Amino acid sequence: MVMTSALPLPLKIQHLSVSRQGKLLLDSVNATIESTGITIILGPNGAGKSLLLRIAHGLERPDAGSLRWDQHIPKPEESWRTFVFQKPIFLQRSVLANLEYVLSLHKVVKIRKNLLIQQALQHTGLVKLSAQSARILSGGEQQRLNIARAWVLEPKVMLLDEPTAELDPSGVATIERLIKKIAQQNTKIIMTTHSLDQAKRLAHDILFLHQGRLIEHTPAKVYFAQPQTSLAEDFLAGKLLD
Amino acid sequence: MNQYLANAIAVATLCILLTSVQADKSPFITLSSTTSTENSGLLDYLIPKFRERTGIDVRVVSVGTGRALKLGEMGDTDLILVHHKPSEEEFMSKGFGIQRREVMYNDFIVAGPSEDPVNIRGERSIARVLSLIHEHKMPFVSRGDESGTHKKEMELWALAGVDAQRYSGEWYHETGAGMGTTLNIANGMSAYVLTDRGTWLSFKNRDGLALLFENDPPLHNQYSIVQINPDRHPHIKYTEAELFINWLTSGEGQQTIADFTLNGQQLFFPNALPQ
Amino acid sequence: MNDFSQAFLKAIQLILNLDPNLIEIVALSLRVSLTAVLIASLIGLPLGAALALYKFFGRGLLVAILNTFMGLPPVVVGLVVYLILSRSGPLGALGLLFTPTAMVIAQVCLITPIIAALTRQTILDANNEFHAQLRALGAKSLSMMNTLLWETRYSLVTNVFAGFGRAIAEVGAVLIVGGNINHNTRVMTTSIALETSKGNIELALALGMILITLSLIVTSAVMSARHAAYNVYS
């Protein structure tokens with residue numbers, strides 16, 4: 001825990017390359033992500049969005065180049081930054097115990113634990129479900145718990161990997177509301193999506209990835225109004241990219 | 001916290017179990033005996049009387065004579081009660097034992113299918129009996145385990161001039177097991193078998209087996225007790241073991257052996273020489 | 001099959017009479033095997049988990065050894081433990097031969113590989129499911145291992161009782177290191193062997209039935225406890 005008060009931003013990505021089994025998955029990506037608002041990593045399936053996000057949390061290592069949070073190489077055990085999977089795995093315990101588990105991992109003291117858990121439950125509307133087994137929640141409830149689990153640590157940065165990909169429209173709306181609320185409380189959000197509509201609704205700035213390359217990094221307004229590249233233009237037009 | 005609680009419970013249970021398994025500290029000696037003396041119930045009859053007298057318990061590990069001697073050699077028993085004189089004398093001459101006393105005797109008998117196909121019932125000598133079995137290739141079951149009974153059996157075959165082991169797997173079958181198991185097998189195979197009288201009388205699963213031949217001098221079965229040499233194994237309980245030998249060969253011990261009966265029949269005959 | 005019905009009656013009779021010898025033998029069987037299972041679990045569970053989660057030099061060899069040792073013949077274990085605990089052996093000075101402790105040691109040797117190997121597989125499977133998520137939540141390797149052990153506790157209980165089943169049923173090892181001493185180291189299986197060799201087939205069979213019933217009771221008690229616990233959160 002290097003930073004306590006100041007945000008560990010900007011996130012600087014320099015010449016970041018990753019290949020797996022001979023395939024180049026990220027190809028010399030350069031970007032600087034600033035501390036404000038919601039950053040969306042957008043692109044078709046297989047663009048390398050999730051991989052980039054995983055590297056940002058320290059879950060994977062790049063083969064070349066670097067990714068630094070204000071000079072600092074990420075490790076997953078840092079509590080100022082949390083990660084939300086598309087498909088969460090919960091412990092076979094109650095909703096409450098799943099939240100408590102995260103706080104225990106980060107050695108939060110008991111009194112503070114209870115406070116944080118109650119906050120997270122309230123924010124995500126899970127108070128009534130707190131004693132239920134996490135494994136029998138509905139899809140929408142599970143994703144709320146997934147967010148709560150990332151939120152309970154009061155992180156400065158939250159990384160979300162396609163958090164709504166498996167949800168129905170009302171579930172999507174709920175999760176998007178939550179994400180906006182988190183962002184308003186000064187938590188930096190970086191999330192991946194392949195949904196143009198979602199990007200339109202949430203994004204302040206957009207990193208558009210295609211086949212492992214960063215095609216453009218622009219404010220959302222610019223991206224949607226006047227895309228700088230033909231690839232982005234085609235993606236916006238719903239054309240198949242090759 | 002659940003994990004720690006579970007761990008704590010596990011450790012606590014462990015402690016309780018471990019302490020409860022610990023052996024009690026009352027004095028005891030270990031005696032390796034042949035299966036015949038243990039299975040007949042003789043030792044269960046003798047030991048409480050010795051304990052009453054001295055407060056010393058005798059823990060009996062019953063194995064064949066061969067293994068009993070080995071246990072003695074390795075210092076894993078204080079006393080051995082066995083029945084094969086040549087082996088015992090070799091044991092003593094190697095310095096493994098410090099004293100050897102003859103205690104009691106009974107005898108060996110030949111049992112077999114009650115129809116007795118080659119009619120050994122009428123024979124006069126064990127040598128003739130074994131020759132008949134050999135001539136007619138009648139199934140014969142041997143311990144084959146280097147026990148006292150097995151060694152005795154080998155001596156008897158030599159007496160009859162038959163190298164029985166040559167026929168192993170044909171009509172001669174080696175079980176490599178204790179007397180009881182061997183009798184079970186003889187019963188199952190309707191085979192002839194040499195057994196000590198004590199095991200025979202106390203054996204329950206006789207079915208089609210009958211006592212067919214007995215009372216020939218070579219069938220004498222002498223039991224001796226050997227005390228292990230404490231010079232080789234300093235932890236050996238010399239004093240207590242000596243107490244047991246002295247009691248067993250005393251008038252009282254000898255009378256107790258004579259008093260032991262099964263179904264009204266005396267199984268062992270005391271013959272210790274006064275010291 | 002008259003033997004079976006007679007043995008069955010004999011078994012019932014022994015139980016109803018609360019035969020003191022029988023109770024002593026049953027109690028020792030349970031004490032020895034449960035202690036062995038407890039110790040084997042304390043070794044086998046973390047060992048299995050470590051083999052599943054940590055890479056270290058010689059791990060492959062250790063796994064191969066464990067898998068081989070799952071099927072160790074009890075007599076061989078008994079013989080090796082005998083030679084170690086014998087007065088002439090390296091640990092002879094402890095004077096443990098022909099005591100219940102020696103029997104516990106032999107059974108621990110026999111079932112630790114079983115518990116460890118099964119645990120390794122259980123944890124390996126759980127790790128495939130949980131690893132990325134727990135890592136992302138910030139779990140480091142030690143807390144990861146603890147979490148996986150706890151999350152798979154119901155499967156692990158089954159593994160542990162596979163070990164218990166083997167311990168309570170084996171005769172070869174306890175006979176050699178225990179000596180089947182009456183009132184001291186005589187357990188169910190050695191009694192059965194003894195009664196068989198005495199030709200008391202009926203009594204031996206009756207004891208066999210009681211042993212099976214005992215295993216059944218212990219196993220079903222654990223299974224129903226497991227079931228009850230499982231229902232709370234699943």
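These figures come from a predicted structure and were not determined experimentally. Values below: all heavy atoms of this structure, side chains included; hydrogens, waters and symmetry mates excluded. Sequence lines set the chain letters: A, B, ... in the order given, protein chains first and strands last, and positions in each chain run from 1.
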Chain C heavy atoms under 4.5 Å from [X]: which part of the residue, side chain, backbone, both or neither?
{"X": "B/I236", "value": "neither"}
{"X": "B/S202", "value": "backbone"}
{"X": "B/N184", "value": "side chain"}
{"X": "B/R206", "value": "neither"}
{"X": "B/T35", "value": "neither"}
{"X": "B/N187", "value": "neither"}

Under 4.5 Å from any heavy atom of chain B - which part of C/L83: side chain
Lys/Arg N to Asp/Glu carboxylate O, C/E170 vs C/R166, below 4.0 Å: no
Salt bridge flag under 4.0 Å for residues B/D107 and B/R197: yes
Short side-chain donor-acceptor distance under 3.5 Å, C/S33 and C/Q107: yes
Side-chain donor-acceptor contact under 3.5 Å, C/N180 with C/R186: yes
Shortest non-hydrogen contact from C/L14 toward C/A206: CD1-CB, 4.4 Å
Centroid-centroid under 6.0 Å between B/F140 and B/Y192 rings: no
Selection from B/V61, B/I47, B/D76, B/D57 maximising heavy-atom pairs under 4.5 Å formed with chain C: B/D76
Closest-packed option against chain C by number of heavy-atom pairs under 4.5 Å, given B/T30, B/D44, B/L71, B/T77: B/L71
Nearest-0.5 Å distance that lies between atom CE in C/M103 and atom CZ in C/F98: 11.5 Å
